[in-house]
There are 2 protein chains.
Amino acid sequence: MATIKDVARAANVSIATVSRVLNNKSGFSEDTRKAVEQAIEELGYVPNGVARGLISKRTNTIGLLVPALSSMLVSEMVSGIERTVHEQGSSLIVCHTESKGKKTMQYLQLLIAKQVDGIIFTSEVLLQEYYQMIERSGIPLVLLSTESLNLPVPSVKVNDRLASFHATEYMIRQGHKKIGMISGNRNDMIAGVPRVEGFRMALSSHQIPFEESMIVSHKGFSYIDGAKSFRTLMTDHPDITAVVAASDEMALGMISEGYKMGIQIPEQVSVIGYDNIQICNVSIPPLTTISQPVAKMGEVAAKMVLDMIHGDEKQESVVFPHEIIERQSVKKMN
Amino acid sequence: MATIKDVARAANVSIATVSRVLNNKSGFSEDTRKAVEQAIEELGYVPNGVARGLISKRTNTIGLLVPALSSMLVSEMVSGIERTVHEQGSSLIVCHTESKGKKTMQYLQLLIAKQVDGIIFTSEVLLQEYYQMIERSGIPLVLLSTESLNLPVPSVKVNDRLASFHATEYMIRQGHKKIGMISGNRNDMIAGVPRVEGFRMALSSHQIPFEESMIVSHKGFSYIDGAKSFRTLMTDHPDITAVVAASDEMALGMISEGYKMGIQIPEQVSVIGYDNIQICNVSIPPLTTISQPVAKMGEVAAKMVLDMIHGDEKQESVVFPHEIIERQSVKKMN
DNA sequence: ATATTTTGAGTAAACGTTTACTCAAATCAA
DNA sequence: TTGATTTGAGTAAACGTTTACTCAAAATAT
């Protein structure tokens, strides 16, 4: 591959001059510019970003860490980030940590070694261990769909507890009294705990009686978890008329399972999802859900790291408003 | 950030020695190893991959180019690639070209500048222009879900024409005689043309009469395209009993549109999809489809570039077998 | 005891850029 | 004309590694 030296030789100038025309600094005549540009053209020269990175301390690369999330959710989140990052001339390295601490540490090491300009950390609690590593490297960091109460890291998220509260309250307002929840992994500090809490609070603030077994949780937040959870929920509580799901995928899995079990949705059981992924529009029935504007949030998070990279020290955390998207998976009971 | 010099100073050795213990070359005593390792630990030193890359000419990064595909399909494809690539200690830069030639060229330039070790190009025709650019850079290239008839580039794909032929024949075998197709973008050389061809060939080889207007095409291969195409198909040909869809997403959009139009699927109209993305399992009804093992294919493509990077010059192209996955969206008519 | 090999470690060049510094030639002011 | 300034361009150091070369000290062979 041609290097700047080759170009310099071909154009009969020094490499400094080539560099200058490349970067549009001043210090060369129109004639030399032409000569250099022609040489570049002829040799098909592309400046070596690695060498540039070494000296400029910028790689124009940012790293993204995502845990084991449902694929559609990740894909929407990533797309928002990727677009924004690329618009600014950088690229994105995506790392699936699978929620494993060890893997996360490895990826962190990798990203630091690669000298990424910034890191976006999503949907998981930022362990002290992770933070220290990043902190030490001096790489700007922003949190997406997660937050840290004690560490000074800006974040972009939705108020999960409140959103879940509203989802549940929505069911109550439609006249439902027997409401269950399929909660995904209820120990998950991000998508589990707060949503369960919101659910409970809504019920208790409306004095609706409730048993522990009306919240059924599973490993994750996917179709299968939704389907399985729904089945156990219905065998334990056949009189339930509404379900709050911790993710759209779970809601979809539930609808499918209902179909197999001969349970009509929403005629017999209503459901509200969480996330508002694209497919909600074309499910049968179309899914009523809490909209969490992931693509937009990803975009904002990306802008935030980019700004930090460009020197804007501390960014303000932002909490996005959620929204109830009414479609047809919830039946009015009153 | 600490550099190798800092480590050398702290451990009281030369940078060459540090480098040696870092890379496990011989030439140091047990004592110095310990000293160096301790210094590394204390300083939280992480070797600078950029500097390493400059000298070793390896960035441990591979680039992926994807056009405007449906998000779920991309996400499955990417996941197979990413896992494999990461297992081998490299990372992946994903570039969404949106099927724009100009953007593609820009990304290509970017990937070359970044000195990626390999490139995976997916689901689009490899223009001469693209090829020349990559060729010139000497970066190993493999094609995924596409192929080049004239250029010497290894590829991983499925036989689209044959797959579509089989899908259509499957409908015929179930006793369908009035079969339409919603084709996505029928000019797309990869996912359009061959599938339309396969469809036509199946009909004609079974002497089933057919009109041009029974193939309706649209911009892309997404839900909405499916929904819209189905609507026009049904208004023009209300007597149709089966539809061959060019993608699962289109089939899903069609089912949803059918629901709105009061058309029962599969009771009134049957449908077969294409791709076998995960969600087919939980659609209502579960979608019969042509399985194209994208995750697996991505994995194989990734292995191929990796092998090429490691010096295995020419790789054999592989065409994956497709498979009909029978679920419940096709009704038997005989 | 001497000659030879092995071991442990340092020095410096190289990778492909950018940029501070230098300087001759050209332009301008007086 | 002379001195001052501007313009165009080259030289060389620096970025953080790896590695070929070198060499003294230690270990081994004779």
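Every value quoted in this text rests on a predicted model; they were computed, and no experiment measured them. First the proteins, then the strands, lettered A, B, ... as listed; each starts at 1.
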Would B:Tyr107 and A:His86 count as a side chain to side chain donor-acceptor pair (under 3.5 Å) here? Give the steps. CA-CA 9 Å; B:Tyr107 279 133; A:His86 268 143; 3.0 Å; yes

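- Rounded to whole Å, the distance from CG on B:Asn48 to P on D:dC15 is 12 Å.
- Across the protein-nucleic acid pair, A:Leu22 atom CG and C:dT18 atom C1' stand 11 Å apart, rounded to whole Å.
- In the set C:dT11, C:dC15, C:dT17, C:dT11 carries the atom at the smallest distance from any side-chain atom of B:Ser14.
- OP1 or OP2 of D:dG16 sits under 4.0 Å from a side-chain N or O of A:Lys57.
- Among the protein residues, A:Ser56 comes within range of no part of the nucleic acid, since none of its heavy atoms lies under 4.0 Å from any strand.
- The shortest distance between the side-chain N/O atoms of B:Thr17 and the OP1/OP2 oxygens of C:dG10 is below 4.0 Å.
- Taking CD1 of B:Ile62 as the start and CD1 of B:Ile93 as the end, the distance is 9.5 Å to the nearest 0.5 Å.
- Atom CZ in A:Phe28 sits roughly 13 Å away from atom P in D:dT7 (whole-Å rounding).
- Distance check, rounded to the nearest 0.5 Å: CG of A:Leu126 to OG1 of A:Thr104 gives 10.5 Å.
- Dashed line: the shortest gap from a side-chain N or O of A:Ser29 to OP1 or OP2 of D:dA9 is under 4.0 Å.
- The CG atom of A:Leu144 sits 8.0 Å away from the CG atom of A:Leu64 when rounded to the nearest 0.5 Å.
- Remark: C1' of C:dT7 and CZ of B:Arg33 are 15 Å apart, rounded to the nearest angstrom.
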Yes or no on side chain to side chain donor-acceptor pair (under 3.5 Å) for A:Ser91 and B:Lys114, after CA distance, side-chain angles and deciding distance? CA-CA 10 Å; A:Ser91 344; B:Lys114 284 230 158 85; 2.4 Å; yes

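- Between A:Arg52 atom CZ and D:dA14 atom P the separation is 22 Å, expressed in whole Å.
- Closest to the side chain of B:Ile4, out of D:dT17, C:dT18, D:dG10, is D:dT17.
- Distance NZ/A:Lys103 to CD/A:Gln106: 8.0 Å, rounded to 0.5 Å.
- Look at B:Lys25 and you'll find a side-chain N or O under 4.0 angstrom from OP1 or OP2 of D:dT19.
- Here B:Ser19 lies in heavy-atom contact (under 4.0 Å) with a base.
- Within the 4.0 angstrom heavy-atom criterion, no nucleotide atom of any strand lies near B:Val50.
- Toward the 5′ end of DNA chain C lies the nearest nucleotide of B:Ala16, the other residue of the pair B:Ala16 and B:Ala51 mapping further downstream.
- Residue B:Ile15 contributes atom CD1, which lies 17 Å from atom C1' of C:dG8 at whole-angstrom precision.
- Remark: A:Asn23 is in phosphate contact with C:dT18, judged by side-chain N or O atoms under 4.0 Å from OP1 or OP2.
- Remark: the A:Arg20 side chain and the D:dG10 base include a donor-acceptor N/O pair separated by less than 3.5 Å.
- In this structure, A:Ile40 places its CD1 atom 10 Å from P of C:dT17, rounding to the nearest Å.
- Within the 4.0 Å cut-off from OP1 or OP2 of D:dA9, at least one side-chain nitrogen or oxygen of A:Thr32 is found.
- The separation between B:Asp31 atom CG and D:dA26 atom P is 14 Å, rounded to whole Å.
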